[in-house]
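Structure, as structure tokens:
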Number of protein chains: 2
Amino acid sequence: MTEPRTDTYDEWLRARVPERGLRPKAAAVLDVLVSQPRRASYGSAAELAQLAGVNVATVTRTAQALGFAGWPALQQELRARYLSSLSAGQVAAEHAGAGSPSSRSLRRDLDSLAVLNRRLDEAVLLTIAEAVAAARRTVVVADGSYAAVGLALAHNARLAGYPVAAVTAGDSELANVVAALGPEDVLIAISFWRLYESTVLAAHEARSRGTRVFALTDAASPALAAAAEEVVMVPAEGEAFFPSLTAGIAVAQALVTQLAAVDPARTGASIEAAEAMWAKFGLLHRRPAPPS
Amino acid sequence: MTEPRTDTYDEWLRARVPERGLRPKAAAVLDVLVSQPRRASYGSAAELAQLAGVNVATVTRTAQALGFAGWPALQQELRARYLSSLSAGQVAAEHAGAGSPSSRSLRRDLDSLAVLNRRLDEAVLLTIAEAVAAARRTVVVADGSYAAVGLALAHNARLAGYPVAAVTAGDSELANVVAALGPEDVLIAISFWRLYESTVLAAHEARSRGTRVFALTDAASPALAAAAEEVVMVPAEGEAFFPSLTAGIAVAQALVTQLAAVDPARTGASIEAAEAMWAKFGLLHRRPAPPS
DNA sequence: CGAATCATGCAAAGACCATTGCGAATGGGC
DNA sequence: GCCCATTCGCAATGGTCTTTGCATGATTCG
């Protein structure tokens, strides 16, 4: 990007990379350092190692490969750079005027999230997380553009070790899935803006089968509220015509985070298994040693 | 509240002081915490003790007097507060302390978005939006949990009247799609945390075919940067193990908003057409009347 | 195809850090 | 003026974190 402040942290870090390039695992560590500066500057080497999927020793060695005495020395530098990148931006934020549609959109999302942060009752999320954790399986129904939220929720919840599936493939699949629901299951209906008929139907049907039903929506629709045990209200007003997914995703993220905290051992094991699988399938791109 | 950031940090800290007041040495410690937040959030208890001219034990006891289990617990809170005070800017961190995992996740997303809002160069989004608007078609490549971002982007962009498709169905489909790309097309690669091999490959292949390539990522990997005309950097640090999608979604949202502004007439017509179609298919749940 | 080099995980060692029990000193109350 | 309560420093203890030696598995070059 054109702004020098953005680059300070990353560029400085990457400039430390020796000519020879970095070993694969060291590159993985570097990626974590760049992408998670907060954690990098506060966390321990062990924490970073877990995040990078490497051994603790590799973190220390990476720090040494970057020209530092060890991890603490590197971390001290990271702190300084990270903090200055934060406070430097502070100044620039002021004179960011009304600006382009994109920046207006961002600002609105920021506001929405602030509102959400203030209003949201965390007890509700806790209830839902515990329900999902206890459920035989969980079905997420999400239609339209909010299918993305449903997918994200299901994906990460599975990563956390819970059988959560998103249904976005249309009414026939939805019907089949709902038909198999029972009292041991949980259904999460995600619907914004205007409610989709099929989502509402599914929620009611599931409720009548004894399934625990939760809803995530932007408008307190009586139709959905009647079917749901709890309704999470999320601001979804977008700058343009489309509703904003940002707040919805944030809630999904919060829910999964809460879910991961219900049974840390289970989640840890699940993530570990997933990592092993990724490695086996060679899915991840570890940076090549000499940057071509 | 003219200076919300200073207030947030010290006011919160001072509010923790018990009724009974503080012992002289404890007050000295508190003064150091307030006046040197940076050192307080990073340093050890011993360092703080020296600064306050007290013994190490007093630091620990002060932390306990403030209602925390010990120094590490207090420090963790200080970090969150201090960083927020640096990054939050217009958004005052309203919510109370550590709280549940879910509320921590929300607060972190809020911070990320604030950072994003400040750092993001809107010119880049404008460039991408115009490229998409001018393209014959646009392909969004997104893997893993970030498939959700890709889907949201593609969905809303289509709604805005542009031929944007997300590829999330695996490598074979990706290969087919990339094979059909040409200089009139645009490819947007979305990849976070660790890059997926296939995403990087697709970006390089597309680039060599003359397709305009853009990237949305949390770590400026040389592998992706080399293939991309512009790289949009997004904070994706999550509270738990998973990366947060929130900032990514916000960028997607901003991009679509910008796209919708390129040719308002086209977008308007497209949305109208979509509405008519929904009505014809009876997809929407218009208002109450609980079924059954 | 074999050997050497290198990277990386494992585990032990060493250092550092936070906490708490104990004792000394100080200040207030009787 | 004496005694008791409170505060704070000292030092020991238990735990955590970083580093490094060693072994193993992978990769490359001959």
Side-chain angles (χ1 to χ4, degrees), chain A residues 17-33 39-79 264 268 271-273 275-282 284-292, chain B residues 17-33 39-79 194 197:
Chain A
V17 175
E19 315 259 328
R20 240 176 122 296
L22 245 39
R23 286 68 100 205
K25 299 287 179 176
V29 173
L30 191 69
D31 281 344
V32 174
L33 296 186
R39 231 181 271 240
S41 62
Y42 280 124
S44 68
E47 190 180 344
L48 272 289
Q50 194 193 346
L51 246 57
V54 301
N55 190 272
V56 200
T58 305
V59 173
T60 294
R61 283 194 262 258
T62 302
Q64 290 166 344
L66 293 175
F68 294 88
W71 165 246
L74 170 57
Q75 192 181 40
Q76 190 178 350
E77 273 299 308
L78 290 180
R79 286 173 185 169
I271 286 172
E272 213 168 306
E275 284 230 347
M277 220 32 101
W278 292 340
K280 204 175 265 181
F281 277 67
L284 301 177
H285 180 85
R286 293 269 120 105
R287 188 137 30 82
S292 47
Chain B
V17 175
E19 319 255 328
R20 239 178 124 299
L22 245 40
R23 285 69 101 201
K25 300 285 181 177
V29 173
L30 193 69
D31 281 344
V32 175
L33 296 188
R39 220 180 285 235
S41 64
Y42 281 121
S44 68
E47 191 180 344
L48 271 289
Q50 194 188 349
L51 247 61
V54 300
N55 190 271
V56 202
T58 305
V59 174
T60 294
R61 283 195 262 259
T62 303
Q64 289 166 344
L66 293 175
F68 294 88
W71 167 246
L74 170 58
Q75 192 181 39
Q76 192 180 346
E77 268 302 304
L78 290 180
R79 287 173 185 170
R194 298 133 181 234
E197 183 72 42

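Just so it is clear, the values below take in all heavy atoms, side chains as well, and ignore hydrogens, waters and symmetry mates. Each chain gets a letter, A, B and so on, in the order the sequences are listed, and its residues count up from 1.
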Value in whole Å for how far the C1' atom of dC17(D) lies from CD of Q50(A): 15 Å
Length of the CG-C1' vector between L48(A) and dC17(D), whole Å: 13 Å
Non-hydrogen side-chain atoms of T60(A) and V56(A) separated by less than 4.5 Å: no
Nearest-0.5 Å distance that lies between atom CG in L66(B) and atom CH2 in W71(B): 10.0 Å
Residue met sooner reading DNA chain D from 5', once P72(A) and N55(B) are mapped to nucleotides: N55(B)
Rounded distance in Å - CD (Q75(B)) to P (dC17(C)): 12 Å
Sugar-phosphate only, base, or nothing, as touched by A57(A) at under 4.0 Å among non-hydrogen atoms: base
Sub-4.5 Å side-chain heavy-atom contact between V29(B) and L48(B): no
Under-4.0 Å side-chain N/O to phosphate OP1/OP2 contact, T60(B) with dA18(C): no
Under-4.0 Å side-chain N/O to phosphate OP1/OP2 contact, S44(B) with dC16(C): no
Sugar-phosphate, base or nothing in reach of V59(B), heavy atoms under 4.0 Å: nothing
Distance, rounded to the nearest Å, where Q64(B) contributes CD and dA18(C) contributes P: 13 Å
Any L74(B) side-chain heavy atom under 4.5 Å of L33(B) side chain: yes
Nearest-Å distance for atom pair OH/C1', residues Y42(A) and dC17(D): 19 Å
Residue R61(A), side-chain heavy atoms: nucleotide from dA11(C), dC8(D), dT8(C) that is nearest: dT8(C)
Spacing between W71(B) atom CH2 and dG14(D) atom P, to the nearest angstrom: 25 Å
side-chain N/O T58(A) vs dA7(C) OP1/OP2, d < 4.0 Å: no
